[in-house]
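What you are looking at is a predicted structure, and each value in this text was computed from that prediction instead of being measured.
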Amino acid sequence: MKEVILAESAGFCFGVKRSVELAEQMLDGGGACYSLGELIHNDDVVRHFRERGLHVVETPEEVPIGAKAIIRAHGVSMDVEARLRARTGQVVDSTCPMVLRIHKLVREASAEHRKVVVIGTASHPEVVAICGCCENPLVFEDAQALDAYLEKHPEFGENPVTMVIQTTQTRENFEQCEKKLKKECTNLKIFDTICEATSTRQSEAIKLASECDAMVVVGGKHSANSVHLSDLCKAHCGQVQFIENAGELDLDALRDAEKVGMTAGASAPSWIIKEVKQTMTDEIKNEETTAGIAPTEKSFEELLEESFKSIYNGDKVTGEVVAITPTEVNVDLGMKYSGFIPTTEFTEETGAKIEDCIKVGDQIEAVVVRVNDVEGTVQLSKKRLDAAKTWELIVAAAESGEIMEGVVTEDNKGGVVVSVKGNRVFVPASQTGLPREAEMSSMLKEHVRLKITEIKGRRVVGSIRAVQREERRIAAEKVWSEIEVGKHYNGVVKSIASYGVFVDIGGIDGMVHVSELSWGRVRNPADIVSVGQEMDVYVISFDQEARKISLGHKDPNGNPWTKFLETYQVGDVAKVKIVKLMDFGAFAEVLPGVDGLIHISQIADRRIDKPGDVLTVGEEVEAKITAIDEEKQKISLSIRALLEPQRDEYDDED
């Protein structure tokens with residue numbers, strides 16, 4: 001054995017990696033944790049989680065009431081999920097987004113009364129879960145099983161049929177089943193639901209197996225994708241070892257192989273892959289030492305040749321950070337070119353200082369953006385490489401509806417651009433959540449949460465409003481579940497009308513009528529409140545069926561009528577302010593929020609045609625309180641009673 005070649009895509013796929021990370025986070029939170037079935041098909045990983053406190057159960061009923069549970073990447077049927085959520089305090093759903101897409105497809109097929117055909121292993125957890133999301137599906141292992149069924153049921157082709165396939169099945173199996181159904185069915189919908197990562201891994205395995213003298217496949221013996229990898233390698237290579245860990249490796253059988261290829265299933269963790277490769281690498285060194293072969297060292301001519309190696313746009317390179325300036329990070333690429341990365345790629349989104357993001361001596365991966373042969377420099381981009389690595393996350397989020405986070409980096413009339421894990425996501429103005437008249441630039445550098453709504457090629461479209469709408473719906477349900485008359489909320493003014501103010505109290509709007517804004521007189525609500533202003537409000541009444549809430553803002557303890565009764569009584573004289581003139585008299589403010597009526601007969605000691613002949617709005621005069629109606633909260637005032645007694649035109653003649 002002289003060389004070991006590891007496939008680039010070996011190991012955890014996105015779905016399995018996500019499942020493992022979610023399980024780790026759940027365990028970090030403490031408390032009893034349960035997994036519905038083994039988290040992934042790998043005994044070493046299962047053992048690791050068992051030691052951390054993750055209990056494996058087979059049915060929801062085995063999970064203690066109130067405990068935390070995780071749904072593994074394979075997913076579960078709708079019935080199982082409902083039973084699980086009915087028992088547990090917290091359910092972490094780590095179902096692979098690719099599998100969730102299949103669930104959606106078969107549910108839609110059932111709703112359209114289409115017959116669902118699933119290509120896969122009937123007993124596999126993923127297939128069991130898929131079948132639990134539709135009505136009476138048919139499951140076939142391969143084209144032969146499908147063919148045997150069609151021969152017995154020639155009428156089957158007359159049904160509207162939808163075909164999906166287990167994510168870890170081979171491309172060859174999919175194409176054979178597709179061909180068979182296309183021949184027999186007149187109304188057919190076929191969805192290629194094989195995971196792209198699975199296809200890539202299988203293609204790489206076939207290529208390696210064809211070029212190497214021996215192959216080592218790492219994965220769980222009961223893992224479907226690992227078994228398929230092993231079978232594919234055996235079809236193209238005469239010597240294949242299918243192992244779960246380094247302890248099962250047969251080094252003696254590999255000694256005569258010049259070149260050994262290595263791949264790993266989606267459930268094989270990186271530490272096992274590294275251990276297996278390191279074991280083989282150590283064996284190669286031992287063989288060289290035993291044979292008296294000195295470690296290979298490159299000659300001066302070879303090193304010199306490497307230093308003049310050409311480099312092209314799009315190349316992925318690795319180098320060492322040798323200097324950091326306020327504007328760029330200098331990278332030694334080990335060749336004639338000097339690389340640099342703008343510091344904005346490290347700090348623009350995070351807002352952190354460059355020295356907190358990277359240090360001299362750090363190894364860094366980047367992609368070549370532009371080569372300047374004259375100056376001998378290469379502009380590099382770490383952000384573009386990161387974006388390429390995280391593209392799969394963006395695609396998966398579009399399928400699953402997962403909420404993503406990013407930073408607004410650009411604005412224009414049409415909307416804003418959000419950087420999500422280094423990828424550009426365009427958010428149309430209508431989906432930003434801003435009012436129509438708002439400036440898009442107000443969102444620059446803002447951290448936002450959004451959903452991926454559309455992917456066309458490399459163009460990604462997202463919606464911030466969709467997340468806000470969902471969060472608002474959840475918040476509104478919480479408000480309705482806890483609302484009661486008299487309850488106080490710290491709300492935010494959303495809009496203003498002539499008759500009142502609409503206030504957001506946490507996911508739902510209530511209305512404060514103009515009469516409830518202040519104890520004083522309010523001509524226009526906009527005179528005392530503004531949009532965006534925080535307000536302390538309380539519930540006066542609500543109608544959950546009509547989804548209406550009436551709110552108050554006036555402090556009950558500040559009721560001016562109460563203050564009036566504590567200050568004045570019948571017979572007292574008060575200095576009042578004329579606020580309104582009518583044909584029958586004048587209204588005067590006794591205290592802010594408390595008005596009294598001066599009847600036209602009580603304005604002067606003579607007959608007058610109208611109150612305006614004597615009084616003007618805004619004028620302050622003294623008046624005597626002649627009557628108080630506490631029940632109706634009305635006050636009668638008299639100016640005439642304070643004038644010198646003399647014959648009045650209104651008195652009856654003697």
Side-chain angles (χ1 to χ4, degrees), residues 1-13 42-45 47-48 197 200-221 223 225-307 309 315-320 332-335 363-365:
M1 183 166 53
K2 293 183 178 179
E3 184 181 5
V4 177
I5 304 173
L6 176 63
E8 288 186 12
S9 61
F12 281 173
C13 65
N42 185 281
D43 292 340
D44 293 277
V45 175
R47 189 180 305 112
H48 161 75
T200 302
R201 185 180 288 105
Q202 290 175 354
S203 298
E204 288 182 1
I206 291 172
K207 186 174 184 297
L208 265 181
S210 302
E211 298 172 350
C212 295
D213 304 304
M215 282 294 296
V216 173
V217 179
V218 182
K221 298 295 173 57
S223 165
N225 70 84
S226 298
V227 171
H228 288 317
L229 276 181
S230 177
D231 291 341
L232 288 170
C233 289
K234 288 176 181 176
H236 295 83
C237 181
Q239 186 182 165
V240 177
Q241 290 190 32
F242 184 18
I243 63 174
E244 290 196 355
N245 51 55
E248 297 180 5
L249 194 62
D250 184 356
L251 294 173
D252 290 335
L254 298 174
R255 284 200 173 91
D256 294 332
E258 291 279 328
K259 189 186 296 184
V260 178
M262 179 181 167
T263 187
S267 56
S270 58
W271 61 270
I272 288 183
I273 297 171
K274 290 178 181 177
E275 186 179 26
V276 172
K277 186 181 180 185
Q278 189 61 50
T279 300
M280 289 191 285
T281 302
D282 290 344
E283 180 62 19
I284 292 174
K285 291 179 180 178
N286 290 337
E287 289 178 3
E288 290 177 345
T289 302
T290 303
I293 302 174
T296 304
E297 293 185 2
K298 295 180 180 178
S299 65
F300 173 76
E301 289 77 10
E302 289 174 321
L303 293 172
L304 184 63
E305 180 63 28
E306 279 193 2
S307 71
K309 187 171 116 178
D315 283 357
K316 186 172 77 172
V317 295
T318 302
E320 180 181 340
D332 180 8
L333 301 175
M335 54 183 69
Q363 291 290 315
I364 191 169
E365 279 189 322

Visitor: Could you grab the distance from atom SG of C233 to atom CD of Q239, nearest 0.5 Å is fine?
Guide: 12.5 Å
Visitor: Output yes when a side-chain donor or acceptor of Q202 lies under 3.5 Å from a complementary backbone atom of L232, and no otherwise.
Guide: no
Visitor: Heavy atoms only: give me the nearest A7-E204 pair and the separation to one decimal.
Guide: CB-OE1, 3.6 Å
Visitor: Enter the distance from D250:CG to Q241:CD here, rounded to the nearest 0.5 Å.
Guide: 5.0 Å
Visitor: Side-chain contact, heavy-atom cut-off 4.5 Å: F242 with S226?
Guide: yes
Visitor: side-chain contact (heavy atoms from CB on, under 4.5 Å) with C212: which of E258, H236, K259?
Guide: K259
Visitor: Heavy atoms, side chains only, cut-off 4.5 Å: are T281 and K285 in contact?
Guide: yes
Visitor: Taking the side chain as every heavy atom from C-beta outward, state whether L251 and M280 have any atom pair closer than 4.5 Å.
Guide: yes
Visitor: With respect to K277, which candidate in V4, V260, I5 satisfies the side-chain contact (heavy atoms from CB on, under 4.5 Å) definition?
Guide: V4
Visitor: Counting C-beta onward and ignoring hydrogens, is there a side-chain heavy-atom pair between D213 and D256 closer than 4.5 Å?
Guide: no
Visitor: Nearest 0.5 Å please: distance from the CD1 atom of I206 over to the CG atom of L229.
Guide: 9.0 Å
Visitor: Just how far is it from atom CD1 of I243 to atom NZ of K221, taken to the nearest 0.5 Å?
Guide: 8.5 Å
Visitor: Measure the CG-CD1 distance between N245 and I272 for me, rounded to the nearest 0.5 Å.
Guide: 6.0 Å
Visitor: Below 4.5 Å, heavy atoms only, C-beta onward: do L254 and E283 meet side chain to side chain?
Guide: no
Visitor: What are the two closest non-hydrogen atoms of A246 and E275, and how far apart are they?
Guide: CB-CG, 3.7 Å
Visitor: With rounding to the nearest 0.5 Å, note down the distance linking OG1 in T263 to CD1 in I273.
Guide: 8.0 Å
